Structures are given as C-alpha cells and as structure tokens.
A.B. asks: 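One structure, as structure tokens, below. Some questions next.
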Amino acid sequence: MNIDTFKMIIAIVQTGSISGAAQQLGYAQSNISARVHQLETELRTTIFYRTNRGVILTDAGKEFYNRAINIVDLTEDTINQMKHPNEVEGDLRIGTLQSASATFLPPILTEYYRNFPKVRLAIETSNPMENIQQVLDYELDGAVIGENIDKTDLVSIPLVTEELCLVSASPEIGDLNTASFLVFSTGCIYREVTETWLRSQNISIHHPIEFNYLDAIMASVCSGLGISIVPKKIAQPFVERKLLYMTELPAEFSSIQLDFIYRKDHFINRPFEEFIKLLKNNVAVKTTEKEIS
C-alpha cells in the first residue's frame, strides 16, 4: 500500500465510480478494479458496495476514506514544506454561496492569491446543504454558508451579516398570495428565508420558479418574470441603474449570518492555515471598522 493507493480510493469516492477514477487518474479501469480487490483482500474487509450506479462506501470504507484524505494531505504538505520551506504551495478547495462569491470573497481571494500565487485555488458555488455535505465528505477544505448548523464535528467561524431585501421590476409588488417567486432549489438559505417569511403571514409560494444561478434570477426579476429575496449588495447596482426596485423586509427576515465551516479533524495544511488567518483578520478589521463608525 502506498500514497497512490490512497489517491485511487479518494478518486473513486469523489467521482462516484471506478470508471470515473480511471479517467481522472489516467489508469485502465481493470487496473483500478484489481487494485481495489487486492486492497480489500489485504485488509480483510470490504471497502465498496458495487451497484449498477457505481460504488458506495461501506462503514469500513468510510473510515478508510477519511484516513486516506488526511494521509494524502499530510504527505503532500510535508513534501512541499521539505522542498520549499519558505513557500506556501498545495491545493485549497473552498465552497461558497453564489452571493458571497460575488461580494464577500473576491477581495479576500485576491489578497490570498497575491500573497500565495503557487496555491492551486478551486472555488465551488452551491447551496448550503451541498456545501456542508462536501465539507463533511472531505471534498472541500471549508465553505462559506448562510445558516446556523448543528454539527458537532464542524468548526464554525462567524464572518459577516448579510442584509436581504425583496426585489421587483416595479415599485408595487402586488399580492404576495399570487406572486411568482424566483428561488433557488430546496436547501438554499434565501429560499428558506422566503418561505419562512411567507409562512409567518400564512402564505405559501404558489408559483415558485427555480434557478441555479443568482445572475439569472436578477435578470429575470428585471424583465418582470417575478420577485425574489436577494442580498442588498447584489440588488443595489440594479436599483441605482433603475432596473428594479428594492422593498425592505421585516426585521426578523432582513439578514442572515455568513459563517465559514470546516471539519474539526481536517488536516490544516499551510494553504488552508493561511486562508483561515486571512479570514479571521478580515473579520477583525470589519468588526473594528463597525465599532468606530
């Protein structure tokens, strides 16, 4: 068993199949199947259940996968530190909400990349539930989410409060009972706020139109397709250009807390350590500026 074996198992899990891992790693599928069988024989356990849709980790496989992630990260970080002790190199995989990727994160990522240009950055936008699961599955180092979580195996760093508003193509939003709401898929914090707000008024969303992209929601609101709850920072440029109108929400629904999460047992390599430092410094600066103002 060597580091390539651990990388192989990680690739199978993250692509969902042996064929996917073979394509990602550039191996023949038969070679990977043989390596998995050899590994399971050596460990005297079953790592994967085979199904028509791919493979699923057994309980023993989950434990092996978790350890494999940490072993690979530690090995690669050690090699980087030995070869380049004064440089920060490696991979950094961050998940985020689409709004945070357009407002909160860009200046932080810019500063990070300026300081550590040899780090291979990967930023993935998704809804909070998917981000949380990818962090739990070690597919992401950490993620920016917009909801309170109850996960004992996660660390949560408070970032900023994001102000929300209702946007529409006209100053009159009309009857909420019959309005068409433009929303993300279930699991998105903005959709959750929308539904909670409407339930407080005994209203259900009768005409939800689902989108995958925030830009598409904004363009569709501007064209008059419907109304939506979005971050104020996203809406403000549209309001200034008179492309849409912004309506204040009741105080209890007017903001969400953005947090950064990562696993407690996640191996913190140099790239991730420096990113966490930068996040915390940014939060401290914003807090100081707020207190002064």
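In this text, all values refer to a predicted model and were calculated from it rather than measured experimentally.
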A.B. asks: Report yes if the side chains of L154 and L136 come closer than 4.5 Å at any heavy-atom pair, otherwise no.
C.D. replies: yes
A.B. asks: Count the heavy atoms of every other residue, nucleotide or ligand shown that sit under 6.0 Å from CE of M246, and state whether that count exceeds 12.
C.D. replies: yes
A.B. asks: With a 4.5 Å cut-off on side-chain heavy atoms, are I229 and W197 touching?
C.D. replies: yes
A.B. asks: Start with the C-alpha distance between E163 and E248, add both sets of side-chain angles, then the distance that settles side chain to side chain contact (heavy atoms under 4.5 Å, CB included), and finish with yes or no.
C.D. replies: CA-CA 10 Å; E163 301 297 325; E248 297 289 335; over 6 Å; no
A.B. asks: Can you name the nearest heavy-atom pair linking A100 to V144, along with the distance?
C.D. replies: CB-CG1, 4.0 Å
A.B. asks: If you measure from CG on D153 to CG on D265, what distance do you get to the nearest 0.5 Å?
C.D. replies: 7.0 Å
A.B. asks: Could you pull out all residues at least two apart from S180 that satisfy side-chain hydrogen bond (donor to acceptor under 3.5 Å, both in side chains)?
C.D. replies: none
A.B. asks: I would like to know whether F184 and I217 meet side chain to side chain contact (heavy atoms under 4.5 Å, CB included); could you show each step before the answer?
C.D. replies: CA-CA 9 Å; F184 286 104; I217 286 181; 3.8 Å; yes
A.B. asks: Return yes if some donor-acceptor pair links the side-chain N/O of S223 with the main-chain N/O of S220 below 3.5 Å, else return no.
C.D. replies: yes
A.B. asks: Can you name the closest pair of heavy atoms from L182 and S228 and give their distance?
C.D. replies: O-OG, 2.8 Å
A.B. asks: In this structure, is the centre-to-centre distance between the rings of F272 and F267 below 6.0 Å?
C.D. replies: no
A.B. asks: Can you tell if the side chain of V160 reaches within under 4.5 Å of the side chain of Q257, non-hydrogen atoms only?
C.D. replies: no
A.B. asks: Under 6.0 Å between ring centres, would you say that holds for F64 and F48?
C.D. replies: no
A.B. asks: So for atom CZ, which belongs to R50, do other residues, nucleotides or ligands contribute more than 12 heavy atoms lying within a distance under 6.0 Å?
C.D. replies: yes
A.B. asks: Tell me whether I276 shares a hydrophobic cluster with Y113, the cluster being built from Ile, Leu, Val, Met, Phe, Trp, Tyr side chains joined at under 4.5 Å.
C.D. replies: yes
A.B. asks: With rounding to the nearest 0.5 angstrom, report the CD to CG distance, E192 to N127.
C.D. replies: 11.0 Å
A.B. asks: How close do P158 and S156 get, counting heavy atoms only, and between which atoms?
C.D. replies: CD-O, 3.7 Å
A.B. asks: Mind listing the side-chain donor-acceptor pairs of residues 115-123 below 3.5 Å, one per line with the distance, residues two or more places apart or on another chain?
C.D. replies:
unit_1, atom_1, unit_2, atom_2, d
N115, ND2, E111, O, 3.3
K118, NZ, E87, OE1, 2.8
K118, NZ, E87, OE2, 3.3
R120, NE, D91, OD1, 2.6
R120, NH2, D91, OD1, 3.3

A.B. asks: Should E162 and S99 be marked as a side-chain hydrogen bond (donor to acceptor under 3.5 Å, both in side chains) after you check the CA-CA gap, both sets of side-chain angles, and the distance that decides it?
C.D. replies: CA-CA 9 Å; E162 189 173 64; S99 61; 3.2 Å; yes
A.B. asks: Does the side chain of E40 reach to within under 4.5 Å of the side chain of T45, using non-hydrogen atoms?
C.D. replies: no
A.B. asks: Side-chain polar contacts of residues 164-176 - donor-acceptor pairs under 3.5 angstrom, sequence neighbours left out - could you list them?
C.D. replies:
unit_1, atom_1, unit_2, atom_2, d
S168, OG, S170, O, 2.7
S170, OG, E172, O, 2.9
D175, OD1, N177, N, 2.9
D175, OD1, N177, ND2, 3.2

A.B. asks: Please tell me if the side chains of L258 and T161 come closer than 4.5 Å, counting only heavy atoms from C-beta onward.
C.D. replies: no
A.B. asks: Give, for atom CG of L39 and atom OG1 of T46, the distance between the pair rounded to the nearest 0.5 Å.
C.D. replies: 11.0 Å
A.B. asks: For the backbone of L278 and the side chain of N282, can you confirm whether one donor and one acceptor N or O come within less than 3.5 Å of each other?
C.D. replies: no
A.B. asks: Quick check on the hydrophobic clustering: are Y245 and F238 connected, directly or via other members, by side-chain heavy-atom contacts under 4.5 Å?
C.D. replies: no
A.B. asks: Nearest 0.5 Å, please: how far is CG in N269 from OG1 in T75?
C.D. replies: 12.0 Å
A.B. asks: In Å, rounded to the nearest 0.5 Å, how long is the span from CG of L279 to CG of D259?
C.D. replies: 11.0 Å
A.B. asks: Of all the heavy-atom pairs spanning R93 and Y138, show the shortest one and how long it is.
C.D. replies: NH1-O, 3.9 Å
A.B. asks: Do I209 and V183 share a hydrophobic cluster (ILVMFWY, side-chain heavy atoms under 4.5 Å, transitive)?
C.D. replies: yes
A.B. asks: Enumerate donor-acceptor pairs with a distance under 3.5 Å from any side-chain N or O in residues 21-38 to protein atoms, sequence neighbours excluded.
C.D. replies:
unit_1, atom_1, unit_2, atom_2, d
S33, OG, Q29, O, 3.2
R35, NH2, T5, OG1, 3.2

A.B. asks: Would a 4.5 Å heavy-atom cut-off, applied to side chains only, mark T194 and F253 as touching?
C.D. replies: no
A.B. asks: Of all the heavy-atom pairs spanning L97 and G146, show the shortest one and how long it is.
C.D. replies: CD1-N, 3.7 Å
A.B. asks: Are V72 and L57 linked, directly or through other ILVMFWY residues, by side chains that come within less than 4.5 angstrom of each other?
C.D. replies: yes
A.B. asks: Should the heavy atoms of other residues, nucleotides or ligands under 6.0 Å from CZ of R241 be counted, would the total exceed 12?
C.D. replies: yes
A.B. asks: Side-chain heavy atoms nearer than 4.5 Å, only ILVMFWY residues, links allowed to pass through others: does that put L249 and V239 together?
C.D. replies: yes
A.B. asks: How close do A143 and V135 get, heavy atom to heavy atom, and via which atoms?
C.D. replies: CB-CG2, 3.8 Å
A.B. asks: M218 versus L243: any side-chain heavy-atom pair under 4.5 Å?
C.D. replies: no
A.B. asks: Checking side-chain contact (heavy atoms from CB on, under 4.5 Å) between L140 and each of N131, I132, I94, which is the one that passes?
C.D. replies: N131
A.B. asks: Working note: Q236 + E240, criterion side chain to side chain contact (heavy atoms under 4.5 Å, CB included); need CA distance, chi angles, decisive distance, verdict.
C.D. replies: CA-CA 6 Å; Q236 195 61 46; E240 292 173 353; 3.5 Å; yes
A.B. asks: Test of understanding: with side-chain contact (heavy atoms from CB on, under 4.5 Å), list the residues that count as partners of T186, not counting sequence neighbours.
C.D. replies: R191
A.B. asks: Can we call the ring centroids of Y112 and F275 under 6.0 Å apart?
C.D. replies: yes
A.B. asks: Not counting sequence neighbours, which residues clear side-chain contact (heavy atoms from CB on, under 4.5 Å) with E139? List them please.
C.D. replies: Q14, Y65, Q134, D137
A.B. asks: Roughly how far apart are K7 NZ and I71 CD1, rounded to 0.5 Å?
C.D. replies: 12.5 Å
A.B. asks: Does the side chain of I268 come within less than 4.5 Å of Y262's, by heavy atoms?
C.D. replies: yes
A.B. asks: Taking atom types as modelled and ignoring hydrogens, do the side chains of Q98 and Y190 form a donor-acceptor contact shorter than 3.5 angstrom?
C.D. replies: no
